[in-house]
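Naming: A, B, ... by sequence-line order, numbering from 1 per chain.
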Protein chains: 2
Amino acid sequence: MQSIIPESKAKILEAAIPLFAEAGFNGVSMRSLATEVGLNPATLYHHFQDKHTLYMAAMSFVFARRAETLSVALSAEATPEERLKKFAEAFCRLIHDDPDFNKLIQREILAGDNGRLQLLASQVFHEFFTSLLSLCGELAPGFDSHMLAISIVGLVVYHYQITPLRQHLLGRSPAHDFPEKVATHVVRLLLRGVNTG
Amino acid sequence: MQSIIPESKAKILEAAIPLFAEAGFNGVSMRSLATEVGLNPATLYHHFQDKHTLYMAAMSFVFARRAETLSVALSAEATPEERLKKFAEAFCRLIHDDPDFNKLIQREILAGDNGRLQLLASQVFHEFFTSLLSLCGELAPGFDSHMLAISIVGLVVYHYQITPLRQHLLGRSPAHDFPEKVATHVVRLLLRGVNTG
DNA sequence: GTCTATATGCTGATAGAC
DNA sequence: GTCTATCAGCATATAGAC
């Protein structure tokens, strides 16, 4: 499954990922990318057929890195509550440590290309989401597993998505960015709701 | 507070909103916008100084429309539980009925311009978020109100944000898009967590 | 207030030398 | 595999007629 990528090609992709995450497909020119890598713009066309091909290669590159990480935390043998806790911690850490991953997914969803979303769903999220669905089924048989799974992911992802805006909202503290803090909050809310006790 | 906008100017802004929501600032050219409105590109520059000014005017236009709606559902006199329910329903309906609003906020967050996010926070979300914080304080004194408020918003918003991707994930049903369904799910999860009963 | 015509620069992409 | 040189097209924006 793991394809071998030549060094220079990988160097271009590594540079492309943060640029595309920050500015989107239209916001990154082949010139600016070439400058970033320290190459001539024409050289990029030796490694990739065109800009779109390069973009897709960069997406595959970053997504392949993370698809594995996502499933691991869910597959451990433990009680549903324990697995939820482990998953929340691993997921918060992942999203916190690799902001590009989150941004690129957001941009893909916004772009709304159905073929690409299909690819994303099947190649990156299928195994992860299947495991999460089964966890949801064990954890809360009375809930719609699909909605619950989306809610769990949303609770984590949204916290980090909205971070740049949160800086300007009331009650904000730097501690709110710590993965452990977010994980604890999310798990507590999921298990018992707002009922204190 | 409500500024008077000439008809032709308003017509341009109304056309610009869905275009910017769909393709982002870089993805919309003055040419394509002009074509959409049925005007010559040069005419746009009679109404707006430049593209950035036009974009900001479009943002103010769509946000001013919604800032009011957001606060209303929270200000009613009722028990915290009842207010949460009312808010969830109104919020789900708003996000469902006006996808552009959600997309434009997402794009603003991704763009990450701190000045513009500050403006968004103070002019659009301040009153709304303050009310939501106070509801959170009444509802769950044991929780960090800031985190809880973000979680409530995230549960709703993320559900609709991820809709294009959800189409390709397991367990999906068209009913998952209905605002009432999402609101019921979110409120149930918030009040009692996954504990069935 | 809307148009025609146009300036200027940046874009993705190619041909061909080394 | 990397470069120089260059193309055609589209971008934002302006000047000025009607």
Side-chain angles (χ1 to χ4, degrees), chain A residues 3-62 103-104 107-108 110-113 115-116, chain B residues 3-62 103-104 107-108 110-113 115-116:
Chain A
S3 59
I4 293 121
I5 297 172
E7 197 190 343
S8 47
K9 217 164 175 172
K11 213 169 120 187
I12 295 168
L13 295 178
E14 291 278 13
I17 288 164
L19 291 183
F20 281 130
E22 208 55 46
F25 183 83
N26 287 322
V28 180
S29 69
M30 295 297 268
R31 282 172 151 77
S32 64
L33 173 55
T35 304
E36 188 75 19
V37 192
L39 286 174
N40 191 281
T43 307
L44 300 183
Y45 289 91
H46 173 79
H47 295 283
F48 303 94
Q49 195 183 353
D50 55 25
K51 187 185 178 184
H52 187 252
T53 306
L54 193 157
Y55 174 77
M56 290 303 288
M59 298 298 282
S60 300
F61 197 65
V62 69
K103 283 182 189 170
L104 288 171
R107 290 197 181 278
E108 279 299 291
L110 275 171
D113 182 305
R116 262 151 56 188
Chain B
S3 60
I4 293 122
I5 298 172
E7 198 190 342
S8 46
K9 219 166 173 169
K11 214 168 117 187
I12 294 168
L13 295 178
E14 291 277 13
I17 289 163
L19 291 182
F20 281 130
E22 208 55 46
F25 183 83
N26 287 322
V28 180
S29 69
M30 296 297 266
R31 280 171 151 80
S32 64
L33 173 56
T35 304
E36 188 75 19
V37 193
L39 285 173
N40 191 282
T43 307
L44 300 182
Y45 289 91
H46 172 79
H47 295 283
F48 303 94
Q49 196 183 352
D50 54 26
K51 187 185 176 182
H52 187 252
T53 306
L54 193 156
Y55 174 77
M56 290 303 288
M59 298 299 281
S60 300
F61 197 64
V62 70
K103 284 182 189 169
L104 288 171
R107 291 196 181 277
E108 278 300 291
L110 275 171
D113 182 305
R116 262 150 57 187

*Mind calculating the distance between CG (B:D50) and C1' (C:dG9) to the nearest angstrom?*
16 Å
*If a pair satisfies salt bridge (charged side-chain N to carboxylate O under 4.0 Å, His left out) and one of its residues is in residues 23-36 of chain B, list it, with sequence neighbours excluded.*
none
*Taking CG from A:N26 and P from C:dC10, how many angstroms apart are they, rounded to a whole number?*
17 Å
*A:S29 side chain N/O closer than 4.0 Å to the phosphate oxygens (OP1, OP2) of C:dT11?*
yes
_Phosphate-side-chain proximity, B:R31 and D:dA11, N/O vs OP1/OP2 below 4.0 Å_ = yes
*asked:* For B:S29, give me all partners under side chain to side chain donor-acceptor pair (under 3.5 Å), at least two apart in sequence or on another chain.
replied: B:S32
Protein-nucleotides 1-3 of chain C N/O pairs under 3.5 Å:
unit_1: C:dT2; atom_1: OP2; unit_2: B:H47; atom_2: NE2; d: 2.8
unit_1: C:dC3; atom_1: OP2; unit_2: B:N40; atom_2: N; d: 2.5
unit_1: C:dC3; atom_1: OP2; unit_2: B:T43; atom_2: OG1; d: 3.0

*asked:* Using whole Å, what does the distance between atom P of nucleotide C:dT11 and atom CG of A:L33 come to?
replied: 12 Å
*Starting at CG of A:L44 and ending at C1' of C:dT14, how long is that distance when rounded to a whole Å?*
14 Å
*May I have the distance from B:M30 (atom CE) to D:dT12 (atom P), rounded to whole angstrom?*
7 Å
*Could you state the atom-to-atom distance from OH of B:Y45 to P of D:dT14 in whole Å?*
8 Å
*Look at all strands and tell whether B:V28 reaches a base, only sugar-phosphate, or nothing, counting heavy atoms closer than 4.0 Å.*
sugar-phosphate
*asked:* Does anything in residues 37-51 of chain A form a side chain to side chain donor-acceptor pair (under 3.5 Å)? List the pairs, not counting sequence neighbours.
replied: A:D50-A:T53
_A:F61 vs A:E14 side-chain heavy atoms within contact, under 4.5 Å_ = yes
*Residues forming a ring pair (Phe, Tyr, Trp, His ring centres under 6.0 Å) with B:F48, sequence neighbours excluded*: none
*asked:* Holding to side chain to side chain donor-acceptor pair (under 3.5 Å), I want the full list of residues that pass it with B:K103, two or more places apart in sequence or in another chain.
replied: B:E22
